[in-house]
Amino acid sequence: MENFVRISLETHLFFARIMKEHSFFLQAGFLAKDTRWIRKADFFRNQFEELLRQTVRLSNRRISRSILQSEELVTSFTLEAEAATSRLSNIPIDRQITEAEFALQSGCLQNPDRNTVQRVWQLNERGIHLLDGLIAFKESILREVCDCRLFTANYPLLIEHIMREARLYRATLIKLREHHGICFDDLVNQETFWNQIMMEHALFIRGLLDPSEDELIQTANTFAMEFQELLCAARTQDERAGALSSCSDLTQHSLEETRRLREFKAAGTKGILDCQIRSIILPLLTDHVLREANHYIRILETPG
């Protein structure tokens with residue numbers, strides 16, 4: 001059961017923060033008149049913030065060293081990005097959660113007691129329930145936007161993007177419910193999912209930069225094209241049932257490209273925080289996509 005506890009907590013530490021930030025970006029993107037939509041996004045932001053808070057309380061010495069070292073939970077920019085984004089938006093962010101995450105220590109809990117397992121089980125069930133609601137909310141936003149009945153500053157593709165991430169989170173919790181452990185999809189499927197996420201990050205960055213930032217726009221566009229090529233290569237390999245060596249080469253290429261994109265995102269986050277880049281990008285969004293790159297890199301670097 002130690003794997004059930006550890007993997008559950010690590011899943012929530014990463015994804016509950018991602019979901020609360022999705023809700024934040026949705027909330028910040030509505031027009032002031034759309035109070036019903038704003039209240040609903042605010043509800044989910046608060047609920048996932050509380051889920052993350054509860055997870056952090058349970059996680060000390062119960063998670064792996066690799067997840068703490070990966071900077072997928074928090075980065076050196078996260079606290080500053082939260083402070084700047086809260087100031088700009090006037091939407092509150094509990095930065096004490098972030099400070100508590102910096103204090104987390106790794107450990108391997110052998111034979112967790114029944115109370116711990118029960119609390120983690122309840123956390124997972126709460127997560128599934130919240131995700132059912134959040135996914136339905138995102139679907140309703142996309143439907144209204146595509147039917148020209150609602151305006152948001154968020155691209156329709158971005159809404160589809162965050163729906164896919166929510167569904168991945170939910171699918172992981174369902175697997176934990178059914179198996180008390182996790183059997184991840186094969187590496188090719190993980191790469192396909194996260195390479196698409198990385199490609200779309202590059203597209204979003206390209207579209208949110210000021211038109212005067214020509215060099216950064218070109219760099220973001222190049223990254224988008226490179227990840228598109230990786231997606232095409234993965235589909236071709238799948239169709240041809242390629243050799244293991246070919247699969248390994250593709251994984252290495254994905255890792256190299258994601259490391260390069262990670263550096264671009266880190267430089268962009270610093271540039272946004274230092275007010276050196278012209279854009280309509282919230283500081284927390286740059287840190288958000290940086291953490292997702294760190295998460296993907298850890299997946300690619302983990303031995304199969």
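Here the structure is a predicted model, which is why all the values come from computation and not from measurement. This chain uses plain numbering: 1 for the first residue, then up along the sequence.
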Please report the interatomic distance [atom1]([X]) to [atom2]([Y]), rounded to the nearest 0.5 Å.
| X | Y | atom1 | atom2 | value |
| --- | --- | --- | --- | --- |
| Phe204 | Leu208 | CZ | CG | 8.5 Å |
| Lys138 | Ile162 | NZ | CD1 | 4.0 Å |
| Thr75 | Lys265 | OG1 | NZ | 12.0 Å |
| Thr85 | Ile281 | OG1 | CD1 | 11.5 Å |
| Thr11 | Leu176 | OG1 | CG | 5.5 Å |
| Leu123 | Ile128 | CG | CD1 | 10.5 Å |

State plainly whether one hydrophobic cluster holds both [X] and [Y], where clusters connect Ile, Leu, Val, Met, Phe, Trp and Tyr through side-chain heavy atoms under 4.5 angstrom apart.
| X | Y | result |
| --- | --- | --- |
| Leu157 | Met163 | yes |
| Leu285 | Ile277 | yes |
| Val74 | Phe24 | no |
| Phe227 | Ile205 | yes |
| Phe48 | Leu58 | yes |

Before accepting this row, confirm whether a basic side-chain N of the pair [X]/[Y] lies closer than 4.0 Å to the acidic partner's carboxylate O.
| X | Y | value |
| --- | --- | --- |
| Arg260 | Glu257 | yes |
| Arg53 | Glu101 | no |
| Glu301 | Arg259 | yes |
| Arg291 | Glu21 | yes |
| Glu213 | Arg278 | no |
| Asp42 | Arg45 | yes |

Is there side-chain contact between [X] and [Y], with heavy atoms separated by less than 4.5 Å?
| X | Y | answer |
| --- | --- | --- |
| Val145 | Phe151 | no |
| Glu165 | Glu292 | yes |
| Trp37 | Thr152 | no |
| Thr222 | Glu226 | yes |
| Lys20 | Ile93 | yes |
| Leu300 | Trp194 | no |
| Leu290 | Phe77 | yes |
| Trp121 | Phe4 | yes |

message = Would Leu52 and His12 count as a side-chain contact (heavy atoms from CB on, under 4.5 Å) here? Give the steps.
response = CA-CA 7 Å; Leu52 179 60; His12 291 302; over 6 Å; no
Answer yes or no: is there a donor N or O on one side and an acceptor on the other, between the side chain of [X] and the main chain of [Y], under 3.5 Å?
| X | Y | result |
| --- | --- | --- |
| Ser140 | Phe137 | yes |
| Ser86 | Glu82 | no |
| Asn60 | Leu104 | no |
| Tyr155 | Glu160 | no |
| Gln276 | Asp274 | yes |
| Thr116 | Pro112 | no |
| Glu49 | Asp94 | yes |
| Ser23 | Met19 | yes |

Between [X] and [Y], a side-chain donor and acceptor under 3.5 Å:
| X | Y | result |
| --- | --- | --- |
| Ser8 | Asn124 | yes |
| Asp214 | Gln218 | yes |
| Thr98 | Arg17 | yes |

Of all the heavy-atom pairs spanning [X] and [Y], show the shortest one and how long it is.
| X | Y | value |
| --- | --- | --- |
| Thr258 | Ala293 | CG2-O, 3.9 Å |
| Pro283 | Ala84 | CG-CB, 4.0 Å |
| Ala166 | Leu131 | O-CD2, 3.9 Å |
| Ile67 | Glu72 | CG1-CD, 3.6 Å |
| Ala202 | Ala224 | CB-N, 3.6 Å |
| Leu51 | Ala16 | CD2-CB, 4.1 Å |

ask   = Between His295 and Phe15, what is the ring plane arrangement, given parallel below 30°, perpendicular above 60°, and tilted in between?
value =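 The arrangement is perpendicular - the two ring planes meet at more than 60°.
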request  = Kindly indicate, with the supporting measurements, whether the criterion side-chain contact (heavy atoms from CB on, under 4.5 Å) is fulfilled by Asn195 and Ser254.
outcome  = CA-CA 7 Å; Asn195 280 345; Ser254 295; 3.2 Å; yes
inquiry  = With a sphere of 6.0 Å drawn around CG of Asp147, does it hold more than 12 non-hydrogen atoms of other residues, nucleotides or ligands?
reply    =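 Atom CG in Asp147 is packed in, count exceeds 12.
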Exceeds 12 heavy-atom contacts within 6.0 angstrom, atom CZ of Arg114 =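 Open.
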message = Does Leu150 form a side-chain contact (heavy atoms from CB on, under 4.5 Å) with Phe30? I'd like the steps, not just the answer.
response = CA-CA 9 Å; Leu150 177 68; Phe30 292 124; 3.9 Å; yes
inquiry  = Could you work out, with salt bridge (Lys or Arg N to Asp or Glu O under 4.0 Å) as the rule, every residue matching Arg262, not counting sequence neighbours?
reply    =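 Residues passing salt bridge (Lys or Arg N to Asp or Glu O under 4.0 Å) with Arg262: none at all.
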query = Checking side-chain contact (heavy atoms from CB on, under 4.5 Å) for the pair Ser106/Arg61: CA distance, chi angles, key distance, verdict?
reply = CA-CA 4 Å; Ser106 62; Arg61 298 190 182 279; over 6 Å; no
request  = Take Glu10 and Arg6 through the salt bridge (Lys or Arg N to Asp or Glu O under 4.0 Å) test and state the conclusion after the steps.
outcome  = CA-CA 6 Å; Glu10 291 178 354; Arg6 178 183 59 79; 3.2 Å; yes
request  = For this output row, return yes or no: ring centroids of His288 and Phe25 closer than 6.0 angstrom.
outcome  =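 Yes.
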Test log, rule side chain to side chain donor-acceptor pair (under 3.5 Å), inputs Asp287 and Thr269 = CA-CA 6 Å; Asp287 187 66; Thr269 302; 5.5 Å; no
